[in-house]
Amino acid sequence: MNVVIIGSGYVGLVSGACFAEFGANVHCVDNDLEKINQLRKGDIPIYEPGLQELVNRNLKNNCLSFHESLDDVLNDADLVFIAVGTPTRRGDGHADLKYVYEVAEEIAKLIQGDLVVVNKSTVPIGTARKVKEIITKINPRASIEVASNPEFLREGSAIEDFMRPDRIVLGVEGEASEKLLKELYRPLNLIETPIITTSLETAELIKYASNAFLATKISFINELSLLAEKTGADIHGVAKGMGLDKRIGNKFLHVGPGYGGSCFPKDTLALIKMAEDYGATSKIINSVVDVNNAQKLRMIEKIKDALGGSISGKRIAVLGLTFKPETDDMRDSPSLSIIPSLIEQDADVIAHDPAGIDEAKKLLPEKVQFSNSINETIREADALIIMTEWNQYRGLNLKNIKEIMRGNTFIDLRNVYEKEALTDEGFNYFCIGR
Ligand code: NAD
């Protein structure tokens, strides 16, 4: 089967490499020429464990190729996936669909035979039908079906998530798309992955509903962490006690500095806006976003309090910048809200991250310093903050860092450590909800 994927970012590249692994002949397209040239050489522009090997293997087998334009590849395609970004539209919070619509126009101009166009990008309800409208308006003779196949992979474990998903959602409008998509996903059907076939609209809403629900769990536990702090309850015990109830589940009940990343912040906002457009305002999701914003602000206050009320002139070492471990993705990371505020209050910030520094340099104030060495980051620091729970930070040599730090304030925004271990070493330890 010939598959074209338009957009070779986190989702497009992982999907392309995995479909090639399933045995499809995959052409990945991106209008970022530098990215395509890198990929042709087998260099991976993002940090995603296991992706390098998968891409290289399929490049070698000629099952995967990279292109800067659709021109050479569209005609032989059975299925075309749209996997371009759908960021927040500037100014109003809606999903910005300009990249999706641009791609629809490009497809329309080139289409000749029958084609199935599948949206993998996260898009508001009605987008698949709009894509069809755009294509048939430009090219009335185009014989196409559209489909919606939202993606649920998580950065950092994207390949495993793609190869062993909890479910596959296929929103379809006709038999041709359903048949082709089921054939493409046959290797997953063989391992008994549930495949749900729905209408286009249902598939589009499933994606937003799933992300908003996970964000709700995070905001729920983050909000309760304050009550735990004020009353002496332990939020970990609360999460465990709740999570063992199978109706609740233990995932996404871990406190932290607020959710971030390329999906939850923009998808909750887009869902709020979409619901408003249809007169179906969501009070719950509005609160989820408010709680998340408040959580990030609360972290800034926590850092200030830990340092005695003022951080001016204090040297603060930050370990972790990305929104979660095992990715270089900095989009909407809590560090992007917290660190600029520390700088504004005249703190001296030096940061370490195993994969995110290049991207962080573009997004954080110039005054932030960066280091590739954990020891150099914490040297002479008054306070150390664990912002992201990379494995490298889980087993820090506490004796050693106590010796090279100037102060003894240890602020653990991911609750990686136990208080006793830190106080035994002479640290003043702060965490969330305990
Ligand atoms: P990304 O920014 O990493 O990649 C998008 C790519 O599309 C970029 O490389 C860009 O150059 C390319 N592009 C834009 N316009 C193009 C055009 N006209 N022709 C060819 N290429 C074009 O984005 P992403 O993180 O892969 O997300 C893609 C979609 O998948 C979004 O809707 C997102 O919400 C959704 N999604 C993302 C994740 C995730 O973890 N990143 C998970 C599930 C779903």
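Given the structure is predicted, the values throughout are model-derived calculations rather than measurements. Each ligand, and each atom within it, is numbered from 1 in the order the structure gives.
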Q: Could you note down all residue pairs passing salt bridge (charged side-chain N to carboxylate O under 4.0 Å, His left out) where residues 40-51 supplies at least one of them, sequence neighbours left out?
A: Arg40-Glu68

(Q) What protein heavy atom lies closest to atom 11 (O) of ligand 1? Include the residue and the distance to one decimal. (A) Asp30 OD1, 2.6 Å

(Q) Among all protein heavy atoms in this structure, tell me which lies nearest to atom 31 (C) of ligand 1, with the distance rounded to 0.1 Å. (A) Thr86 OG1, 3.5 Å

Q) What are the two closest heavy atoms between Asn119 and Val100, and how far apart are they? A) OD1-CG1, 4.2 Å

Q: Provide the number and element of each atom of ligand 1 under 4.0 Å from a heavy atom of Gly85.
A: 5 (C)

Q | Numbered atoms of ligand 1 (with element) below 4.0 Å of Ala83, judged on heavy atoms | A | 5 (C), 28 (C)

Q.
Less than 6.0 angstrom from the centroid, inside 45 degrees of the normal: does Arg186 satisfy that with respect to the ring of Phe22?
A. no

Q) Looking only at N/O atoms, are Val11 and ligand 1 under 3.5 Å apart anywhere? A) yes

Q: Please check if any side-chain donor atom of Ser219 sits under 3.5 Å from a side-chain acceptor atom of Thr216, or the reverse.
A: no

Q | N/O separation below 3.5 Å, Lys35 to ligand 1 | A | yes

Q: Return a yes/no value for Lys207: is any of its N or O atoms, backbone included, closer than 3.5 angstrom to an N or O of ligand 1?
A: no

Q: Please identify which atoms of ligand 1 are closer than 4.0 Å to at least one heavy atom of Glu155.
A: 39 (C), 40 (O), 41 (N)

Q: Decide yes or no for Phe81 and Val3: does some side-chain heavy atom of the first lie under 4.5 Å from some side-chain heavy atom of the second?
A: yes

Q: Could you tell me whether Ser262 approaches ligand 1 through its side chain, its backbone, both or neither, with non-hydrogen atoms closer than 4.0 Å?
A: side chain

(Q) Applying ring-ring contact (aromatic ring centres under 6.0 Å, His included), can you list everything that pairs with His94, at least two apart in sequence or on another chain? (A) none

(Q) As an exercise, identify every atom of ligand 1 less than 4.0 angstrom from a heavy atom of Glu151. (A) 43 (C), 44 (C)

**Q.** Per-residue contact class, Arg331 against ligand 1 - non-hydrogen pairs under 4.0 Å
**A.** side chain

Q: Tell me which part of Cys263 gets within contact of ligand 1: side chain, backbone, both or neither, using heavy atoms under 4.0 Å.
A: side chain

(Q) Evaluate Lys120 for polar contact with ligand 1, using N/O atom pairs at a separation under 3.5 Å. (A) no

Q: Check the pair Phe66, His27 against ring-ring contact (aromatic ring centres under 6.0 Å, His included), reporting the backbone distance first and the verdict last.
A: CA-CA 6 Å; Phe66 295 101; His27 302 290; 10.0 Å; no

**Q.** Protein heavy-atom partner closest to atom 7 (O) of ligand 1 - residue, atom, separation in Å
**A.** Gly7 CA, 3.4 Å

Q: Enumerate the atoms of ligand 1 whose separation from the nearest heavy atom of Glu106 is less than 4.0 angstrom.
A: 18 (N)

(Q) Counting only heavy atoms closer than 4.0 Å, does ligand 1 sit against the backbone of Val103, its side chain, both, or neither? (A) side chain

Q) Looking at atom 20 (C) of ligand 1, what's its closest protein heavy atom, distance included? A) Asn31 N, 3.3 Å

Q: Report yes if some heavy atom in the side chain of Ile221 is under 4.5 Å from a heavy atom in the side chain of His254; otherwise report no.
A: no

(Q) For ligand 1, which is the ligand I care about here, please tell me if Asp267 has any N or O atom under 3.5 Å from one of the ligand's N or O atoms. (A) no

Q) More than 12 foreign heavy atoms under 6.0 Å from CZ of Arg89: is that the case here? A) yes

Q: Name the orientation class of the two ring planes belonging to Phe252 and Phe264 (parallel below 30°, tilted from 30 to 60°, perpendicular beyond 60°).
A: tilted

Q. Going by atom types only, do Asn222 and Tyr259 share a side-chain donor-acceptor pair under 3.5 Å?
A. no

Q: With heavy atoms under 4.0 Å as the rule, classify the contact between Arg154 and ligand 1 as side chain, backbone, both or neither.
A: neither

